[in-house]
Amino acid sequence: MIRSRLVSAVVGLACVTAPVAGPAALAQAATPAPGASTAPAWVVDAPASRIAFTTTWAGQKVVGQFSAWSADIRFDPANLARSRAVVTITTASARTGQKDPDANLQDKDWFNPKSFPAARFETVAIRSLGGGRFEADSRVTIRGVTAPAVLAFTLTIKGASAQMAGTATLDRLAFGLGSESDPKAEWVDRQVRVDVTLKATRKP
């Protein structure tokens, strides 16, 4: 029954975006200028970081998170054209702590981790909105389907440490999630909010 077909999880995605800070300048990371130097790498503090998702199932708010993911982050506020973030998320690690949702996270109509064990998030262009606010035009891949997304985030860098908090909204049906069991979003909202909190340290 559709009621038991919940997956209030869509990645997120995962949306851990590269630490970005400082100057209010437009950043485009898709095609770096030839000869540009590489932005420094940042190491994520996994225990202090989180990728969470929120949606509505049968009229009730459901919140979950991914417990397994990795991030490759390269960022330099003075070299935004070379800054980027790529996050790989293990889809089987999604948990809500609720019996019915968690029982169906592995379903073929939803994440189907046996066939699609990983989801991917990558930035395409990063721009500063001023006042510590940023946006990252990104690509999200789930179940082999890639769709655009925008991650809005704030970020603070102090010395070699960075903290960010970001939010993106994904349309689960764009990735085919629940397209057979709930194509009209009668049980599970088609909009899924992804919230990211990240703590990272710049490599020497």
Side-chain angles (χ1 to χ4, degrees), residues 9-23 25-53 65-94 111 113 116-128 132-168 170 175 192 194-204:
V10 173
V11 85
L13 287 195
C15 296
V16 179
T17 302
V20 223
L26 178 67
Q28 294 190 341
T31 51
S37 60
T38 302
W42 294 74
V43 180
V44 174
D45 181 350
S49 303
R50 186 171 183 253
I51 300 177
F53 50 86
Q65 65 178 313
F66 296 94
S67 61
W69 51 274
S70 62
D72 179 4
I73 297 174
R74 310 294 173 119
F75 179 77
D76 182 349
N79 193 359
L80 293 175
R82 298 289 286 183
S83 298
R84 65 179 178 85
V86 178
V87 181
T88 303
I89 302 167
T90 302
T91 54
S93 73
F111 275 127
F116 304 99
R120 178 185 172 92
F121 164 90
E122 60 181 318
T123 59
V124 175
I126 303 169
R127 56 186 165 271
S128 172
R133 298 176 300 115
F134 300 83
E135 282 185 345
D137 294 331
S138 311
R139 289 189 290 256
V140 177
T141 302
I142 304 171
R143 291 170 53 99
V145 178
T146 300
V150 177
L151 176 71
F153 63 98
T154 59
L155 181 124
T156 302
I157 294 180
K158 293 183 178 180
S161 298
Q163 290 188 322
M164 69 83 69
T167 301
L170 302 178
F175 304 97
V192 179
V194 179
D195 293 300
V196 180
T197 55
L198 175 74
K199 183 177 181 180
T201 302
R202 185 174 56 235
K203 282 187 177 181

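In this chain, residues are counted from 1 in sequence order.
Ring pair Phe75/Trp42 is tilted by interplanar angle, where 30° to 60° counts as tilted.
Between the OG atom in Ser49 and the CE atom in Met164 there is a gap of 9.5 Å [rounded to 0.5 Å]. Once rounded to the nearest 0.5 Å, the distance linking CD of Glu122 with OG of Ser138 reads 8.5 Å. How far CZ of Phe153 is from CD of Glu135: 9.0 Å, rounded to the nearest 0.5 Å. In this structure, CZ in Phe111 is found 4.0 Å from CZ in Phe66, a value given to the nearest 0.5 Å. Taking CZ of Phe134 as the reference point, atom OG1 of Thr123 lies at 13.0 Å (rounded to 0.5 Å).
Between Leu170 and Phe53, the closest side-chain pair of non-hydrogen atoms is not below 4.5 Å. Between Val87 and Ile51 there is a side-chain heavy-atom pair separated by less than 4.5 Å. Looking only at side-chain heavy atoms (C-beta outward), Leu151 and Phe121 come within less than 4.5 Å of each other.
Listed by chain and residue number, nothing satisfies the salt bridge (charged side-chain N to carboxylate O under 4.0 Å, His left out) test with Asp45 (two or more places apart in sequence, or in another chain).
Put simply, the side chain of Arg82 never gets that close to the backbone of Arg74: no donor and acceptor are under 3.5 Å apart. Put simply, the side chain of Thr91 gets close to the backbone of Phe116: a donor and an acceptor are under 3.5 Å apart. Looking at Thr146, its side chain never comes within 3.5 Å of a backbone N or O of Thr141 through a donor-acceptor pair.
Of all the heavy atoms in Leu198 and Trp69, the pair that sits closest is CD1-CH2, 4.4 Å. Of all heavy-atom pairs spanning Ser83 and Ala39, the tightest one is OG-CB, 4.2 Å.
Here Arg50 does not pair with Asp195 in a salt bridge; the nearest charged N to carboxylate O distance is not below 4.0 Å.
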